[in-house]
Amino acid sequence: MKNIECKSYTRPTADYKNLSQCFRLASKDYSKQFAHIYAVRLNKMRECLLARVSQKWGKSVSVLKLSDLNETDTEECVIIGTLFKHQQLKPNILKEISEELKLVPQPQHTHFVSDSDELILEDELQRIPLHGNIDIHNQVTGVVVAIKGTPVGNGKFKVSDVCYATPVFKPRTTLSNNENKYVNHVDAFC
């Protein structure tokens with residue numbers, strides 16, 4: 001048997017200085033919420049939607065707040081609010097925190113839409129789940145809409161039609177050669 005010689009190697013050392021501390025968050029702040037922005041937008045868009053509702057469905061249709069809905073009513077009405085799309089597969093901050101703390105492993109998703117998604121309309125005070133004649137997969141969270149339909153039992157609203165606040169374009173005007181040719185402002189919505 002041959003005598004095998006064992007060589008030992010010494011790993012070279014290098015100086016290392018961690019300079020990443022300035023990029024680390026001192027504390028995580030989850031206090032920034034957007035509810036006040038949604039409320040202001042809903043109030044501003046409500047006026048525009050009321051005009052569109054009377055154009056689309058006539059002046060005789062009753063427009064109610066969610067708090068005024070009565071489940072025993074079978075009369076068709078219109079409610080105005082902000083859409084919220086509840087998606088089970090959507091990333092969730094609470095799930096992310098539990099991952100960081102290694103509480104429960106979360107499965108990785110490549111898409112966030114499923115047939116179990118729900119569409120909810122919310123105003124300043126309440127929320128109501130929507131079903132019926134509305135394509136959930138073509139809706140997104142944050143859109144202010146007017147929904148025509150009837151309240152049904154167990155706190156849901158059956159949708160018959162949807163009205164969006166669409167942009168209103170003013171007709172073009174021609175300018176004479178001596179007029180100012182700069183745009184002062186553009187009215188995108190009502």
(message) Within the 4.5 Å heavy-atom criterion, are L69 and Q126 side-chain neighbours or not?
(response) no

(message) Taking CG in D15 as the centre, count heavy atoms belonging to other residues, nucleotides or ligands within less than 6.0 Å. Is the count above 12?
(response) no

(request) Drop me the distance from E75's CD to L64's CG, to the nearest 0.5 angstrom. (result) 9.0 Å

(request) Check whether V140 and Y164 end up in the same hydrophobic cluster, where Ile, Leu, Val, Met, Phe, Trp and Tyr are linked by side-chain heavy atoms less than 4.5 Å apart. (result) yes

(message) Let's go through Q139 and V162 carefully: what are the C-alpha distance in whole Å and the side-chain angles of both, what is the deciding distance for side-chain contact (heavy atoms from CB on, under 4.5 Å) to 0.1 Å, and is it a yes or a no?
(response) CA-CA 11 Å; Q139 306 299 325; V162 180; 5.5 Å; no

(request) Please tell me if the side chains of I134 and I147 come closer than 4.5 Å, counting only heavy atoms from C-beta onward. (result) yes

(request) Work out which heavy atom in V53 is nearest to a heavy atom in C163; give both atom names and the distance. (result) N-SG, 4.3 Å

(message) Please check: side-chain N/O of S160 versus main-chain N/O of K148, any donor-acceptor pairing under 3.5 Å?
(response) yes

(request) To the nearest 0.5 Å, tell me how far R52 CZ sits from L50 CG. (result) 12.0 Å

(message) What's the separation between atom CG in L130 and atom CD in E118, rounded to the nearest 0.5 Å?
(response) 10.0 Å

(message) Per the salt bridge (Lys or Arg N to Asp or Glu O under 4.0 Å) rule, what does the pair list look like for residues 121-141, sequence neighbours excluded?
(response) R46-E124, K65-E124, E122-R127

(message) What I'd like to find out is whether the side chain of K56 reaches to under 4.5 Å of the side chain of D161, using heavy atoms alone.
(response) yes

(request) Would you name the heavy atoms of G155 and I128 that are closest together and state the gap between them? (result) O-CG1, 3.2 Å

(request) Step by step, work out the side-chain contact (heavy atoms from CB on, under 4.5 Å) result for I80 and L42. (result) CA-CA 8 Å; I80 296 175; L42 174 60; 4.1 Å; yes

(message) Quick check: do L121 and F157 have side-chain heavy atoms less than 4.5 Å from each other?
(response) no

(message) To the closest 0.5 Å, what do you measure between OG1 (T150) and NZ (K156)?
(response) 13.0 Å

(request) Taking the side chain as every heavy atom from C-beta outward, state whether T141 and L83 have any pair of such atoms under 4.5 Å apart. (result) no

(request) Verify side-chain contact (heavy atoms from CB on, under 4.5 Å) between L49 and V63, making sure each step is shown before the conclusion. (result) CA-CA 11 Å; L49 274 167; V63 179; over 6 Å; no

